[in-house]
Amino acid sequence: MRKILVTSALPYANGSIHLGHLVEYIQTDIWCRYQRMISNEIYYVCADDTHGTPVMLRAEKENITPENLVEQVHQEHSQDFSDFNVSFDNFYSTNSIENKELSETIYKKLTSNNKIEKKEIEQFYDSKKEMFLPDRYIKGECPKCKAVDQYGDSCEECGSTYNPTDLINAYSVISGTAPIKKKTDHYFFKLSECTDFLEKWTKSGTLQPEASNKLNEWFKAGLSNWDISRDAPYFGFEIPDAPGKFFYVWLDAPIGYMASFKKLADEKNLSFDEYWKKGSDTELIHFIGKDILYFHALFWPATLSYSGFRVPSRVYAHGFLTVNGEKMSKSRGTFITARSYLNTIKNPDYLRYYYFSKLNDSMEDIDLNLEDFIAKVNSDLVGKFINIPSRTSGFIKKYFNNTLVPTNEISIQDAKVIVDDLIAIKDEVISLYEARLFSKLNRLLMSYTEKVNEYVNRLEPWVLAKNNDEHRSMSQLHQVCSAALQAFRVLSIYYSPIMPDLILKIAEFYGESSYQSIDAIHENIKNISDYNHLLTRLDKDAIDLMLGQNSS
RNA sequence: GGUGAUGUAGCUCAGUUGGUUAGAGCGCAGCAUUCAUAAUGCUGAGGUCGAGAGUUCAAAUCUCUCCAUCACCA
């Protein structure tokens, strides 16, 4: 039995969860649910990423404390995840006592390992607001094309990159005053000294090939030291023995993975060390978006390694979500929040299925094409999958009082084959889940769903039912429909990590509570309940309503 | 600008180490069927595999150039 700790990236506490975020949580959740079904010991943790300037400023604007803001957002995020059936073992916050302690511990270890240095730097400063300004809070005219209102790092009009110092008529986004330059001491993590370790770690099978390519680029450029401190005012953890200096949010964010597990371990009486001590033989797997590869494949393993902890076993990066082939956009209404989806479309299984049908192990972007979404839900799920019990259970009720012929008593060759073939693909299903080749797995499962429908057409139970005075015909009818329903049950077990709500209803239809193990496929089922419609078709009006809720 | 990726039927995507007439689902057309939420099954139309050049007996697949789209640049 494997012992695995899995994480999804921490959502930032400055905004709502949207469908782009959900790609990752759904991908991770499916993988975790699959691991539970093959009886591995797995813990899935996450947390809100709470620190930094944006949260501080938003709280100020709303006239509440950052702690209050972070708490409100945590409620909202928790509800969103729970409504999408994301099965975290713990969804915590980086603004926690565990995280503070762990961050301090790690920082002290890095210091004693001589991996931290103090250096004076010069930074922009808003003298009215009395705070240092991150690059994105400075705007001005692009030095190349003179476009106005461009950010301090790059121009959105002409695409050129530069330093904030190059901007013409630079101003602070916060107070509107011209920023001045001011000297200050910052703390740096000496990442450049970790190059050998990191080159080795990144090439030891921890990353996808594309991710590894990407890192080569960074190694070629040479790793520079990492600025891990920010000056007050800053919402975060104060650095020990450095009054007025705070940990940069990206230092304590990944430590939030540990802190979330620490909290869980304390509650559940698990061993924290078993999962985090150096050389641990448990697995640590991070699911992330490709945009934060830098942090998870360089800073994070280096931080762990030089503070005496274990390093991640795997980092799985996925691509971004586009909607109708374009970047999500507030003006097009395609910046779709999790909540607006739940309000209008209601069923989380639809989105979970759609993402499942498109995800794989690569960093490629995936597209949510809304027409395709409707078509997939209606034809795959309603037309084909749910159609199996819908078209066969009536006979079982009418002629056989809801009793089924158990799989091991089915004798008609065609009927036997339709169930046995499905049971026989178990290992293939497992290996596709394991490798995160979800779209490929879906093609496999959907091809079997089609086979069952073909089989029903071929065996024509409605014809057998017309000859209901003949004994032989009735026995055949019983077997033909039972086999379809037994096959449907096996398919449902294979699909259970994908669509928890739907599969729960299906389990109840078979008189079961849920499918804990994939080996449930081998059980012989003898009864069903009356069939009620399991899914409704997805209507375009619901989609339009959803888009409407997101356009401002 | 640099780097990494992507570009296959109307749409969303498969195409293993280069090898017979390039595949699937949806959509479309026709047929069958009526058990099922007009659901299902069968048949068919539809592609110079982004463009050009090269290597090879053979290229969607390898090489080069170009074009387009996307992302990253701490």
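Every value quoted in this text rests on a predicted model; they were computed, and no experiment measured them. Sequence lines set the chain letters: A, B, ... in the order given, protein chains first and strands last, and positions in each chain run from 1.
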**Comparing A/S224 and A/S357 on RNA chain B - which has the more 5′ nearest nucleotide** = A/S357
**Message:** Is the phosphate of B/rU40 approached by A/K384 (side-chain N or O, under 4.0 Å from OP1 or OP2)?
**Reply:** no
**Asked** If the P atom of B/rU3 is compared with that of B/rG41, how far apart are they to the nearest Å?
**Response** 50 Å
**C1' spacing across the pair B/rC13 / B/rA53, given as an integer number of angstrom** = 29 Å
**Message:** Can you see if the side chain of A/R391 gets near the phosphate of B/rU34 - specifically, an N or O under 4.0 Å from OP1 or OP2?
**Reply:** no
**Prompt:** If the C1' atom of B/rA22 is compared with that of B/rC49, how far apart are they to the nearest Å?
**Reply:** 8 Å
**Asked** Which value, in whole Å, describes the distance between the C1' atoms of nucleotides B/rU17 and B/rG10?
**Response** 34 Å
**Prompt:** How about A/N442 and A/Y495: does a side-chain donor come under 3.5 Å of a side-chain acceptor?
**Reply:** yes
**Message:** Regarding A/D530 and A/K397, does a basic nitrogen lie under 4.0 Å from an acidic carboxylate oxygen?
**Reply:** yes
**Prompt:** According to the Watson-Crick and G-U wobble definitions, with both distances under 3.5 Å, which nucleotide is paired to B/rU33?
**Reply:** none
**Complete:** Of the candidates B/rC70, B/rU37, B/rC13, the side chain of A/H533 sits closest to B/rU37
**Prompt:** Any salt bridge between A/K290 and A/D365, counting N to O under 4.0 Å?
**Reply:** yes
**Message:** Is it the case that the ring center of A/Y306 lies less than 6.0 angstrom away from the ring center of A/F189?
**Reply:** no
**Request:** Determine the interatomic distance between P on B/rU40 and the same-named atom on B/rG27; round to the nearest Å.
**Result:** 8 Å
**Prompt:** Are side-chain heavy atoms of A/T449 and A/D380 found at a separation under 4.5 Å?
**Reply:** no
**Prompt:** Under 4.0 angstrom, heavy atoms only, what part of the nucleic acid is A/N378 near: base, sugar-phosphate, or nothing?
**Reply:** nothing
**Message:** Within the 4.0 Å heavy-atom criterion, would you say A/W226 contacts the bases, only the backbone, or no part of the nucleic acid?
**Reply:** nothing
**Message:** If you only use heavy atoms from C-beta on, which nucleotide in B/rG41, B/rC13, B/rU34 is closest to the side chain of A/E450?
**Reply:** B/rG41
**Message:** Need the pair for B/rU56. Rule: Watson-Crick or G-U wobble, both distances under 3.5 Å, any strand; none if unpaired.
**Reply:** none
**Item:** Distance, P atom - from B/rC57 to B/rG47, rounded to whole angstrom
**Value:** 31 Å
**Item:** Listed nucleotide nearest any side-chain atom of A/N387, set B/rA39, B/rU12, B/rA71
**Value:** B/rA39
**Request:** Rounded off to whole Å, could you give me the CG-to-P distance for the A/L445 and B/rA24 pair?
**Result:** 19 Å
**Asked** Would you find more than 12 non-hydrogen atoms of other residues, nucleotides or ligands less than 6.0 Å from A/K426 atom NZ?
**Response** yes
**Message:** At less than 3.5 Å, do the side-chain atoms of A/N457 and the base atoms of B/rU40 form a donor-acceptor pair?
**Reply:** yes
**Prompt:** What is the distance from CZ of A/F373 to C1' of B/rC26, rounded to the nearest Å?
**Reply:** 15 Å
**Message:** Mind checking if A/G289 touches a base, just sugar-phosphate, or nothing, with heavy atoms under 4.0 Å?
**Reply:** nothing
**Message:** For a quick test of reading the model: is some side-chain N or O of A/K327 closer than 4.0 Å to OP1 or OP2 of B/rA71?
**Reply:** yes
**Message:** In whole Å, measure the gap between the P atoms of B/rG15 and B/rC62 for me.
**Reply:** 13 Å
**Item:** B/rU48 to B/rA9 separation - P atoms, rounded to the nearest Å
**Value:** 9 Å
**Message:** Please tell me if A/N453 has a side-chain N or O lying less than 4.0 Å from either OP1 or OP2 of B/rA36.
**Reply:** no
